[in-house]
**Student:** 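I'd like to ask some things about the structure below.
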Amino acid sequence: QVQLVESGGGLVQAGGSLRLSCAASGLTFSWYAMGWFRQAPGKEREVVTAIRSNGGDTYYADSVKGRFTISRDNAKNTVYLQMDSLKPEDTAVYYCAAVRGVYSGSKYWRQEDLYDYWGQGTQVTVSS
């Protein structure tokens with residue numbers, strides 16, 4: 001049984017930082033690209049960032065470029081999202097998701113219907 005478990009969300013002031021983690025189990029983690037998505041109240045879920053299965057390539061939405069950093073540790077079956085210079089508009093539920101490594105590159109990573117597995121989400125709230 002595949003599980004993706006996010007952690008690290010919380011309440012932070014604008015300009016602050018948070019580090020999200022997503023621990024995976026039940027799958028061969030190194031075979032999967034990983035993505036972070038978010039959904040704000042009243043809005044559709046959107047891709048934030050993604051990373052290739054071997055960590056060799058990444059994608060960032062324009063809204064987070066230069067502020068967020070995705071990384072992964074395949075030995076620990078974990079993907080991370082370092083969020084700096086947070087803004088109130090970053091407030092959302094953040095989800096990690098896994099997509100088969102055959103789908104390589106941002107053209108695929110932005111398509112959430114290609115993702116095979118999803119975590120339950122973690123709330124990030126940025127106060128102004």
**Student:** Compare all side-chain heavy atoms of Gln82 with those of Ser17 and state whether any distance is below 4.5 angstrom.
**Tutor:**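 SC-SC contact between Gln82 and Ser17 confirmed.
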
**Student:** To the nearest 0.5 Å, what is the distance between CZ on Arg67 and OG on Ser85?
**Tutor:**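 If I round to the nearest 0.5 Å, the distance is 7.0 Å.
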
**Student:** Are Tyr80 and Ile70 close enough, and set up right, to give a side-chain contact (heavy atoms from CB on, under 4.5 Å), and what steps lead you there?
**Tutor:** CA-CA 6 Å; Tyr80 305 97; Ile70 189 172; over 6 Å; no

**Student:** Testing the basics here: between Ala92 and Ala40, what is the closest heavy-atom pair and its distance to 0.1 Å?
**Tutor:**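 Nearest pair, atom of Ala92 first, then Ala40: CB-N, 3.8 Å.
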
**Student:** When you look at Asp90 and Val124, which way does the side-chain contact (heavy atoms from CB on, under 4.5 Å) test go after all the steps?
**Tutor:** CA-CA 8 Å; Asp90 295 318; Val124 171; 5.5 Å; no

**Student:** Do Arg72 and Phe29 meet the cation-pi criteria used here (NZ or CZ under 6.0 Å from the six-membered ring centre, within 45° of the axis)?
**Tutor:**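 Here Arg72 passes the 6.0 Å and 45° test against Phe29.
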
**Student:** Quick one: pull up CG in Asn77 and CE in Met34 and give me the separation to the nearest 0.5 Å.
**Tutor:**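 Here the interatomic distance stands at 9.5 Å.
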
**Student:** Side-chain contact test, heavy atoms from C-beta onward, threshold under 4.5 Å: evaluate it for Val48 versus Tyr60 and give yes or no.
**Tutor:**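 Of all side-chain heavy-atom pairs linking Tyr60 with Val48, none is under 4.5 Å.
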
**Student:** Starting from Val102, walk the hydrophobic network (Ile, Leu, Val, Met, Phe, Trp, Tyr; side-chain heavy atoms closer than 4.5 Å) and list everyone else you reach, by chain and number.
**Tutor:**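 Noted: Val102 shares its cluster with Phe37, Val47, Tyr59, Val93, Tyr95, Val99, Tyr103, Tyr108, Trp109, Leu114, Tyr115, Trp118.
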
**Student:** Could you measure the distance from the CG atom of Asn74 to the OG atom of Ser53? Nearest 0.5 Å is fine.
**Tutor:**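 So the gap between those two atoms works out to 7.5 Å.
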
**Student:** Can Thr91 and Glu89 be counted as having a side-chain donor-acceptor contact under 3.5 angstrom?
**Tutor:**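 Judged by distance alone, the side chains do not pair up.
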
**Student:** Which pairs pass salt bridge (charged side-chain N to carboxylate O under 4.0 Å, His left out) with one or both residues in residues 101-115, sequence neighbours excluded?
**Tutor:**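 Qualifying pairs, neighbours excluded: Arg45-Glu112.
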
**Student:** Lys43: what forms a salt bridge (Lys or Arg N to Asp or Glu O under 4.0 Å) with it, not counting sequence neighbours?
**Tutor:**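 For Lys43, no residue satisfies salt bridge (Lys or Arg N to Asp or Glu O under 4.0 Å) once neighbours in sequence are set aside.
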
**Student:** With sequence neighbours excluded, tell me which residues meet side chain to side chain contact (heavy atoms under 4.5 Å, CB included) with Thr122.
**Tutor:**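 Expected list: Glu6, Leu20, Tyr94.
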
**Student:** Kindly write out the residues that satisfy salt bridge (Lys or Arg N to Asp or Glu O under 4.0 Å) with Glu46, not counting sequence neighbours, or none if the list is empty.
**Tutor:**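 Once residues adjacent in sequence are excluded, the partners of Glu46 under the salt bridge (Lys or Arg N to Asp or Glu O under 4.0 Å) criterion are Arg38.
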
**Student:** What pair of heavy atoms forms the shortest contact from Ser127 to Leu11, and how long is it?
**Tutor:**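 Closest approach of Ser127 to Leu11, heavy atoms only: CB-CD1, 4.3 Å.
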
**Student:** According to the salt bridge (charged side-chain N to carboxylate O under 4.0 Å, His left out) rule, which pairs have a member within residues 53-63, sequence neighbours left out?
**Tutor:**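 For residues 53-63, and leaving out neighbouring residues, the salt bridge (charged side-chain N to carboxylate O under 4.0 Å, His left out) pairs sorted by first residue read Arg52-Asp57, Asp62-Lys65.
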
**Student:** Answer yes or no: is there a side-chain heavy-atom contact under 4.5 Å between Phe68 and Thr49?
**Tutor:**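 Result no, sub-4.5 Å side-chain heavy-atom pair not found.
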
**Student:** Can you list everything that forms a side chain to side chain contact (heavy atoms under 4.5 Å, CB included) with Val12? Sequence neighbours excluded, please.
**Tutor:**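 By the side chain to side chain contact (heavy atoms under 4.5 Å, CB included) rule, Val12 matches Leu18, Leu86, Val126.
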
**Student:** Got a sec, which pairs hit salt bridge (charged side-chain N to carboxylate O under 4.0 Å, His left out) with one end in residues 12-22, sequence neighbours left out?
**Tutor:**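 As it turns out, there is no salt bridge (charged side-chain N to carboxylate O under 4.0 Å, His left out) pair with a partner in residues 12-22 once direct neighbours are skipped.
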
**Student:** Applying salt bridge (Lys or Arg N to Asp or Glu O under 4.0 Å), name anything that partners Arg100, two or more places apart in sequence or on another chain.
**Tutor:**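 Partners of Arg100 by the salt bridge (Lys or Arg N to Asp or Glu O under 4.0 Å) criterion, ordered by chain and then number, come out as Asp116.
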
**Student:** Got a sec, which pairs hit disulfide bond (SG atoms under 2.5 Å apart) with one end in residues 60-110, sequence neighbours left out?
**Tutor:**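 Disulfide bond (SG atoms under 2.5 Å apart) check on residues 60-110 returns Cys22-Cys96.
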
**Student:** What residues, two or more places apart in sequence or in another chain, satisfy side chain to side chain contact (heavy atoms under 4.5 Å, CB included) together with Ser7?
**Tutor:**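 Here the qualifying residues are Ser21.
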
**Student:** Following the transitive rule for hydrophobic clusters with a side-chain heavy-atom cut-off under 4.5 Å over Ile, Leu, Val, Met, Phe, Trp and Tyr, establish whether Trp31 and Ile51 coincide in one cluster.
**Tutor:**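 Yes, Trp31 connects to Ile51 through the hydrophobic network.
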
**Student:** Please name all residues satisfying salt bridge (Lys or Arg N to Asp or Glu O under 4.0 Å) with Asp84, sequence neighbours left out, ordered by chain then number.
**Tutor:**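 Asp84 satisfies salt bridge (Lys or Arg N to Asp or Glu O under 4.0 Å) with no other residue.
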
